[in-house]
Amino acid sequence: MRYRCLTLLTLTLGTFLSATQLVAQRRTAHHSDLVRAYVAAVDTPVRPTRDVRISLSVQDQPLNQILKEIERQSGYSLLYSTNRFSSVRRSISVSNEPLTQVLTGLLTPLNMQFELAGRQIILRETSPNVPAVAAVERTVNGRVTATDSPDGIPGVNVSVKGTARGTVTDRAGQYSLSVPDGAGPVLVFSFVGYEPQEVAVGGQSMVNVVLTPDERALSEVQVVAFGEQRTRDVTGSIASVKAADIRLNTAASPDVALQGRAAGVQITQAGGTPGGAVRINVRGVASINSNSQPLIVIDGVPVLSAAFGAGGVAMNPLAEINPNDIASMEILKDASASVLFGSRAANGVILITTKKGTSGKPKFDVSYEQGVSSATNRVDFVDNGADLLNIYKQSARNNTLSGLTPLAPNLRNLLPTGILQGTLAPGIDSQLADSTTLYNSRTNWLDQVLRQGRYRQASVSASVGGKKFSLYGSGSFRDEDGIVIGQSFQRVSGRLNASFTPVSWLQAGVNLSANGIDNQTVPLGRTYQSALSSSLPAYPVQLANGAFFNGIANGTNNTIGLGTNPVFYRNNYYNLAHTFRSTNTAFLQLKPVAGLTIRSEVGLDYQRTKNDELQNQTLFPAGINGAEQGGNGRAVNQVVTNQTVNFNNTVEYARTLGKNHSLKILAGNSTQSTLSSNANYITENVPDGASRGTDTARSVVFDRQLSFRFVSFFGRANYAYKDRYLAEVSLRTDGSSRFGPGKRWATFPSVSVGWVVSDEAFMQAIPAVNFLKLRASYGLTGNAEIGNFAWQRVFTYVGYNAAIYGGVQGGQFTSLGNQDLSWESTRQTNLGLDFRLLGNRISGTVDFYNKVSDGLLLDYSLGPLFGTINNVITINLGSVRNRGVEFSFNTRNIETKRFSWETNFNIARNENRVLSTYTASFLNSPFQFISGPNIATPGYPLGNYFMAQFAGFDPQTGNELFYERDRSVFANTGETVRTGNLWDGTVNNQAGNNNFIIQDRTPYPVFFGGLNNTFRFGPIDVSALIYFQQGNWIYDQGERAQSYPFTGQTLRRTIPGVGNVQAAVGQNDNAALNRLVWSSNARTIESTRFLHDGSFARLKNVQIGYTLPYEVAKKIRMRSLRIYATGQNLLTFTKFRGWDPEVFRNGGASDAQANLGPGLTNNDLPQVRTIVFGINFGF
Amino acid sequence: MTTRLILTCLLLALLTGLTGCEKYLDDVSSKTLIQAENVRTVQELEILTTGAYSGIARNVAFSGNALAIGELFGDLVGINNANYRNNPGRSSRVYTYTHREEDYGFQAEFLQWSTFGLTNANNVLEILRSGQVQTPGETNPRLDIARQRDRFEGEARFVRAMCVFEQTRLLAYPWGHTPDNSQPGPIASFQSLAAFSDLAYPRLSVKVAYDSVLTDLRRAERLLPENYDPALHLPDYQPRANKYAALALMARVYAQQDNVDSCLAVCNRLLGAGSSYRFPLVAGNQMLAQLFQRSGITATTNSPTRDEVIFELVNVPGRNVQTNNAANLRVHYALQTPYTAAQLANVNTLTSGPNVRMSQWFKTLASFDRTRDLRYRTLIDTTQATTAATIWSSPNRLWFTRKWGTGTAAPASGVNTNVVQYRSAEFILLRAEMNARKSNTAAALSDLNAIRQRAGLPALTTAPADLAGEIKTERVRELVAEGQRTYDLKRRKEAIDPADRLLSPGNVDCAATGCIPVPWNSRFTVFLVPQTYLDRNPLAVQND
């Protein structure tokens, strides 16, 4: 049954294919002269020249026109000097003759020959050594290389400026050319995709040049959904980041490298954790509850990208991919670009393309880098026992004046139980500290939990290609110790990309990867976060007798009361997650007739994580209450696997009609099926050194549950008139198992147009404009990122949850389901402009978009009284708008032989607004979705702050005052307005009824972007990326907790509204300290007092590199050699006084908290500052 | 022509493909989530039924809050721990009758988890009704739906009745408040919710709610087995209800309706006629161990060899819904650590220990025979006093019940122990009360004496002048801290004495009611429907 659909899909495709093929073949037979194939770009398989036959009949045409036609028919690129051939006219009439024969016929009379190089045919003069025609000439030769291709570029056009002379380089990039003698001659080197370069010959006989890639060149090919397009033809909005930039980043995961390099794409990494989760927002957040992360597609396979993890640290699944293997990443931003991923494209799509083998002799690259890392910032805390305890006592004294319950200011009252000697039974009293110890301790717990991280990575790759095959293989090893004790990350990865072209019309290939990761963690809550909350500087690490102080809190009743000593915890805890991830594709591609490409690919993404967590006998002693068995050590062993199988079948047909019309049609289908399994064993009584115990406490096994499936059909048509007027229409129909019968199919259309204005005659008058294209698109995309079974009424039976009765596990009624559940859909309009100015020195893109997401998949809260465990029903409700502008510019400021300077700059603004939420006649105002201090309510951005408004301190009592909300207005309209009264938050906690929708301070930046400068001084290059965002506000929950004295609470040295409390207590400045009271009720109130401007600019990445000149490298038998130093996050400019303005909760990227609370931080790890030295060499 | 051919082929193929794909998409399943429509086996129904019990067994539902609320409104307990009053935990607001402001409070916790049990029960009933569980050819009777169907239906109806009845007592003005009992009743739904639109349904009236409860219980009485039968059921399902649990609850329902004849008849069906009770009383000196300190599945749990317990919620240590020190019964009642002399110097400023203690009013009402009454001697801890010589009736001698934990006795007292819901003593006294009201003096006296003698008191040879009054007093002695006091007063239409609330500083504990007795149908002893619920159910109404 399961395979029936697949069979049908194949049949579907088959039917279509056979019909198309039939017609196509018939047409070829009868109208072969009309058939003109596009020169497919990079991936076009190379047919042996002997199999390529040409039919052509022209009279007195310029030779370059004839060659262009041959290019079209053959699929080969002909490389030659344009000037030379445009002046020669020829007539030719051949029918189905071999290509070689045709070329020989054309070229021999011109004293030229041709040479094959991969899919290129180089046309050059028969011999540079023929007797010189002119009397005074000399020969210049040399070698052309490029920064990204140091072993020589074949086919580079070398011409003498102002003459018709020219040649092209051979396979090794060597050329030889006769030039008129004298001081004048200037050589012009040009090659598609690279900057042209002019060099004055002077007296030299050898001129070597290094070309730089022209990243923005519009003749370049752009990866798009299910294929490639010439960049100049693209009508959607796509940002692209290339391998070179990805490699600059030192993070374990490739997606981090997008930060600051793609306009409108906001990237934040969970700070500090090696391989930690990354939040990616493409053009804002458009979802309340469902995942707002883009779909990630690696070599055609949509991969599992939800964050996962153990120990409270969300891990990034892309950390399982070696960034060095990536050729490019494309971010499909608008509907037109992404609609072929239909139902899952509403949050954008990221296409990751891995490297392929290059033609020519085998190339090997080896690289090694090693570096150190540390926290970007550290916040100061009250750092010694005496000051802290004195602040505690002073604040307890203040309680009387404040009107709180008076409290005797002695340590017994102010410290948690299990700390102070004399407070517990005599038997365990020796484990406690006396007051002298507490006053005299000045333990810096941050020093105990933070350390210098360290990282090294070695990679090797090999690439080889020939007429029939290409091969790319790589291996890499990464070893990283995080900046927090107990965190480490090791990755071994291997990749093999191979393609095979046995005959010209058939290509097959595989992209295989296997990665293993060992990830060790200790929960942050027990290390770093413990140091920020309950590990007081007054506590010693160890007591005089050598025992760790306060390891397990000495509570009563033998319950597990874990203490606050991170060192003790780390020493007795072990958690290793071993992940194996393999992402593979295999494809078969047929080109039965010119213009028709049929491709079928199957993808497999397999992930298996085995997690062993162990609390040893010290941490989980025998006889402890809460033990399911007897205690004496506890082990949790878990195995999780996720497996996705994906089929894509596409048929593409391209043809040119007449002179001016070209048409490309793509049709296809795809299916995806994801299978997961999960097994979990909890054991107790763990022997020393074992990873699991002898007493089974619980075992929960769910094997092979089929999680979700998608079935899709799609098509796209591109039409270009005169290569100048472009149009594209796309359509995708999706079915998803995540919706109920009758609701599971949806269709997503899009249309886009482009106009290459610069090709118009009237633009020729403006030479400053080299290229100008206007784009417009409109389309619909969807989002189905909800639970797999949200539409169904379900019971949870996970083997261990609270639905136990009589010792037996029962099922919990989990959710009602909603049969009417359907897609979240996003309508997006995009207007764009691509330009190149002043001899291509300035290029850029401007986009404006308006994105309205409707029918948001929202978890409507039912409250606790409808009898379900998930007190929510997922419904389609409400809408959100994101609109904004994006600019990106690339300028080549200075370009000389010895020095060049290039700038990339992008900046984007996104404005987010909730347009509507659920409303009903019995509700006075639309439903407000509240998540912590954030709210989603119409008229405000998603996740607007919703909290008490701080109104200062009462001058008499020092108590905290807050504004009062008008409750009747709120009840009637949902708006929050002040009554003019204040309420005392120190004494009362009425925050629930006095929260305000905070105006003009949102978690979202007003604008954000990146500025990258690249300098090259001869062999030395420097690049520096600055990432910035402006106008966002951060709510610091950690700071809130650390601002109120309370039992066992650490305190910040500088507290908002109070100042430096440590200095104050040192100077007996009670005026300042009277704003601190013991156990203030405001302690739990989220208020604007802790809401801060989070704008920042950060020097994200700096690299200084030295590349050995080619000649020198060649002498030591190297193709290339480069050494470099990279710095990540070296400098930060911000007014934010917390840990790090780049905030991201470590919890994960996909839930409502991440969508609504992007500006929330709560003792989260800061980003890391990394300094790395590395070396690459190729041979 | 050819274009048309292609299009037609494509379209036809697409359509065929799409129809097939529905099946492909339907194949998705999960082992952690059971989709209601995929429930096909007896085991899956057992899982859902266990889930229903787990809801009611929570210590914020019938293993805790329900037993606390029934006393907190009443007069037999008073505040012990001053922190409980000063930092009002949610349940202290029940005691002070100020709970009505609470959107989510002690009662809402109860409502949440009782509704959870109830919706699971509704689901079981709907799945049974749909006939989707079919086990043709099944030879194992434990897995044969034909052999199990009655039990499932009986259990689901019993659980539902239990939840609806208790919700009605909490949320509705009592029976008799209006002549036709049309006042709004519970918020529970009698059907399982399946769509957004299902969220809107009206509150049943008290009349209809009671009728529904009785209908469920009559069916349950017929469908449920006499006791657990290992041939038919896995041992795991031993601690579930039998027909007598349904009868016991039915007796309470009729009592609450003040329906003397029906109550009597049901008590007779439950206890058996005469004085040899179907559920024999445990020995007086064994009451603590055998009624209140049982843990896990015992030899007599739902078995043919019966003892006093008709139905208890079974907690298995280590596999309990909630195993921690915050279990509500323990927090409210159990004295875990004896007070120091310094603390007892002023018993009104205690800041540790259980939330409540027995009230002065209880001491008076019960007027125990302190030398003989085993309930006084074994079930009440009277050791805590300012001085050793403090007289028993002094406010300075504190009385704590030992029923819900003593701090020292195993197993993890008050946390992992079973929570008895119905025991025969209650129904013996109920039958006595009904017989007395029908002037069946001899029968009433016989039942009363059974309780007295078990407690170590001499039998009364002749009926006292106020036999009904004597039975009421006996009920106070016997059932204190078991959550029935408020409802006893309500069904008898007796006012609730302010009791120890008058002893609170400045009378703060009874300020809301003016420190006068609270009438039986006062709004103070009826919870409000939580606003969170009213916001989501447009047809729901508030009490007043």
Side-chain angles (χ1 to χ4, degrees), chain A residues 1-2 4-5 8-9 11-12 15-16 19-20 23 557 559 625-626 628 702-703 705-709 711 713 735-737 741 744 788-789 792-798 802-814 816-820 862-868 873 875 920 922, chain B residues 2 5-6 9-10 13-14 16-18 20-25 27-36 47-48 50-51 53-54 57 104 108 111-112 115-116 118-120 123 187 193-196 198-199 236 238-239 296-297 314 316 318-323 325 412 530 532-533 536 538:
Chain A
M1 179 62 86
R2 181 177 301 173
R4 194 175 137 201
C5 184
L8 279 165
L9 287 180
L11 280 178
T12 311
T15 321
F16 176 56
T20 323
V23 175
N557 296 314
T559 50
N625 193 353
E628 289 169 61
F702 326 110
D703 211 19
Q705 50 167 315
L706 191 53
S707 315
F708 63 88
R709 279 179 164 168
V711 177
F713 301 86
S736 167
S737 64
R744 50 175 58 144
N788 295 326
F789 304 97
Q792 284 173 312
R793 178 163 14 148
V794 289
F795 311 95
T796 316
Y797 179 63
V798 299
I804 291 172
Y805 177 64
V808 188
Q809 182 60 50
Q812 290 179 314
F813 183 27
T814 303
L816 320 178
N818 178 4
Q819 304 274 343
D820 299 329
L862 297 178
L865 300 176
F866 286 94
T868 55
I873 179 169
I875 52 178
F922 69 97
Chain B
T2 42
L5 185 70
I6 298 173
C9 287
L10 180 62
L14 263 177
T16 349
L18 289 179
C21 290
E22 282 292 317
K23 293 268 184 239
Y24 180 74
L25 296 174
D27 254 1
V28 170
S29 66
S30 162
K31 294 206 170 144
T32 52
L33 294 173
I34 303 171
Q35 291 103 321
I47 288 168
L48 300 194
T50 304
Y53 281 100
S54 79
Y104 185 83
L111 290 174
Q112 175 181 357
T115 308
F116 177 80
L118 176 136
T119 46
N120 262 324
N123 281 316
I187 59 169
L193 309 175
F196 192 47
D198 288 351
L199 297 181
D236 285 345
Q238 185 169 354
I297 302 170
V314 173
V316 175
R319 296 286 292 159
N320 197 351
V321 178
Q322 199 174 333
T323 311
N325 291 323
T532 52
Y533 176 82
R536 282 154 185 85

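Computed from heavy atoms alone, side chains included, the values below leave out hydrogens, waters and symmetry copies. Within every chain, numbering begins at 1; the chains are lettered A, B, ... in the order of the sequence lines, protein sequences first and strands thereafter.
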Closest non-hydrogen atoms of A:A803 and B:G51, given as atom of the first, atom of the second and distance, are CB-CA, 4.4 Å
Looking only at heavy atoms, what is the nearest atom pair of B:P530 and A:L865, with distance?
-> CG-CD1, 3.4 Å
Are any side-chain N or O atoms of B:S54 and backbone N or O atoms of A:Y805, one a donor and one an acceptor, separated by less than 3.5 Å?
-> no
Judged by atom type as modelled, is there a donor-acceptor pair below 3.5 Å linking the side chain of B:Y533 to the main-chain atoms of A:P864?
-> no
When rounded to the nearest 0.5 angstrom, what distance separates [atom1] in [X] from [atom2] in [Y]?
X      : Y      : atom1 : atom2 : answer
B:T115 : A:F813 : OG1   : CZ    : 11.5 Å
B:L199 : A:L862 : CG    : CG    : 5.5 Å
A:T868 : B:Q112 : OG1   : CD    : 8.5 Å

Which one, B:D236, B:N123, B:I297, leads in non-hydrogen pairs under 4.5 Å with chain A?
-> B:N123
With chain A, which of B:T119, B:D198, B:L111 has the greatest number of heavy-atom pairs at distances under 4.5 Å?
-> B:T119
Do you know which of A:G807, A:G863, A:G817 has the most heavy-atom pairs under 4.5 Å to chain B?
-> A:G807
Looking only at A:I873, A:T814, A:N818, the option with the highest number of non-hydrogen pairs under 4.5 Å against chain B is A:I873
With only heavy atoms counted, which part of A:F866 is less than 4.5 Å from chain B, the side chain, the backbone, both or neither?
-> both
Contacts of B:F196 meeting ring pair (Phe, Tyr, Trp, His ring centres under 6.0 Å) (sequence neighbours excluded), chain-then-number -> A:Y860, A:Y918
Please name all residues satisfying salt bridge (Lys or Arg N to Asp or Glu O under 4.0 Å) with A:R793, sequence neighbours left out, ordered by chain then number.
-> B:E126
